[in-house]
Amino acid sequence: MSTETEVQQVVRASTRKESKKKGQDRSEAGLIKRFKGDGFRYRAKLIGVDEVSAARGDKLCQDSMMKLKGIAAAARSKGEHKQRIFLTISFGGIKIFDEKTGAMQHHHAVHEVSYIAKDITDHRAFGYICGKEGNHRFVAIKTSQAAEPVILDLRDLFQLIYELKLREEKEKLAQKDKQCEQAVYQTILEEDVEDPVYQYIVFEAGHEPIRETEESIYQVPTSHQKEGVYDVPKSQPTINQLDLFGDMSTPPDITSPG
């Protein structure tokens, strides 16, 4: 079977998936299933890629989109057309493949994407900014159908990853607190079993003495010691994942067949 035939079959399967999007399961389990592995595919066209000066901003995206649409219009007047692609959205990020050859053209991990903007005057266009500090690029996409489902998938992906990471950090902190508590009990046990505080902890509060080997006692990391007292790491400021999304307004590409 040729590569082109295989890609066509993938695209047809992708179209069937798109038709089933209505009523999508947006529970955590449903989204994890949706974004694992290769994730979800969308057919589209690549309008272009443009270097930009910052990591976010509606006006920045709008200017870049208009620039890229202008370049695409000029190319079309010479008989050149936008590259047909399909893009996948998964835990691995955004991947863009050439529809004809199946070759991957771009791969941007989730942490590399700093801003996503939909074009409110062209319902099939959206773009995102990616890259590292000092090397940002705007990727403009023309979807085969409305761009809104793609943007919703990206929103769900970013929010899901954030919530899973937050839960993981809380579980790590809870485990660390438990280990610290065990270390306190062990210290009291070793210092003075007749101490009133020890008597309260073990007998009145209902905690059993912890008898562990010295090697198994939790050691406070040096970086967290402060004059002999455990210094609780400061919590990170809350990040609103929805701040990564914005709107822009550019003239619809009326002369384009799609």
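Atom set for the values below is all heavy atoms of this structure, side chains included, hydrogens, waters and symmetry mates excluded.
For the atom pair Leu60 CG and Arg56 CZ, the distance stands at 11.0 Å (nearest 0.5 Å). Rounded to the nearest 0.5 Å, atoms CD (Glu168) and NZ (Lys170) are 13.0 Å apart. Atom NE2 of His123 sits about 9.0 Å away from atom CD of Gln145, to the nearest 0.5 Å. Taking CZ of Arg34 as the start and CG of Asp153 as the end, the distance is 4.0 Å to the nearest 0.5 Å. Rounded to the nearest 0.5 angstrom, Lys36 NZ and Leu31 CG are separated by 13.0 Å. The CG atom of Asp98 lies 5.0 Å from the CD atom of Gln105; values are rounded to the nearest 0.5 Å.
Looking only at side-chain heavy atoms (C-beta outward), Ile141 and Tyr42 stay at 4.5 Å or farther from each other. At least one side-chain heavy atom of Lys118 sits under 4.5 Å from a side-chain heavy atom of Glu148. Asp50 is not listed as a side-chain neighbour of Ile71, based on a closest heavy-atom distance of 4.5 Å or more. The shortest side-chain heavy-atom distance between Lys142 and Asp122 falls under the 4.5 Å cut-off. When side chains are defined from C-beta on, Leu154 counts as touching Phe126, because their heavy atoms get closer than 4.5 Å.
The nearest pair of heavy atoms linking Ser90 to Leu157 is O-CD2, 3.2 Å. Scanning all heavy atoms of the two residues, the minimum distance from Arg41 to Thr88 falls at CG-CG2, 3.4 Å. Residues His136 and Ala55 share a closest heavy-atom pair of CE1-CB, 3.6 Å. When every heavy atom of Leu160 is checked against every heavy atom of Phe91, the shortest pair comes out as CD2-CZ, 3.7 Å. Across all non-hydrogen atoms, the minimal contact from Ile94 to Tyr128 is CG2-OH, 3.7 Å. The heavy-atom pair separating Ile47 from Lys69 by the smallest distance is CG2-N, 4.1 Å.
The pair Asp38-Lys95 fails the salt-bridge criterion, with no side-chain N (NZ, NE, NH1 or NH2) lying under 4.0 Å from an Asp/Glu carboxylate O. A salt bridge does not link Lys67 with Asp63: none of the charged nitrogens is closer than 4.0 Å to a carboxylate oxygen.
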Item to check | Residue pair Glu171, Gln175: steps toward the side chain to side chain donor-acceptor pair (under 3.5 Å) verdict | outcome: CA-CA 6 Å; Glu171 290 175 353; Gln175 180 65 24; over 6 Å; no
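Here Ser27 pairs with Asp25 under the side-chain hydrogen bond (donor to acceptor under 3.5 Å, both in side chains) rule; sequence neighbours left out.
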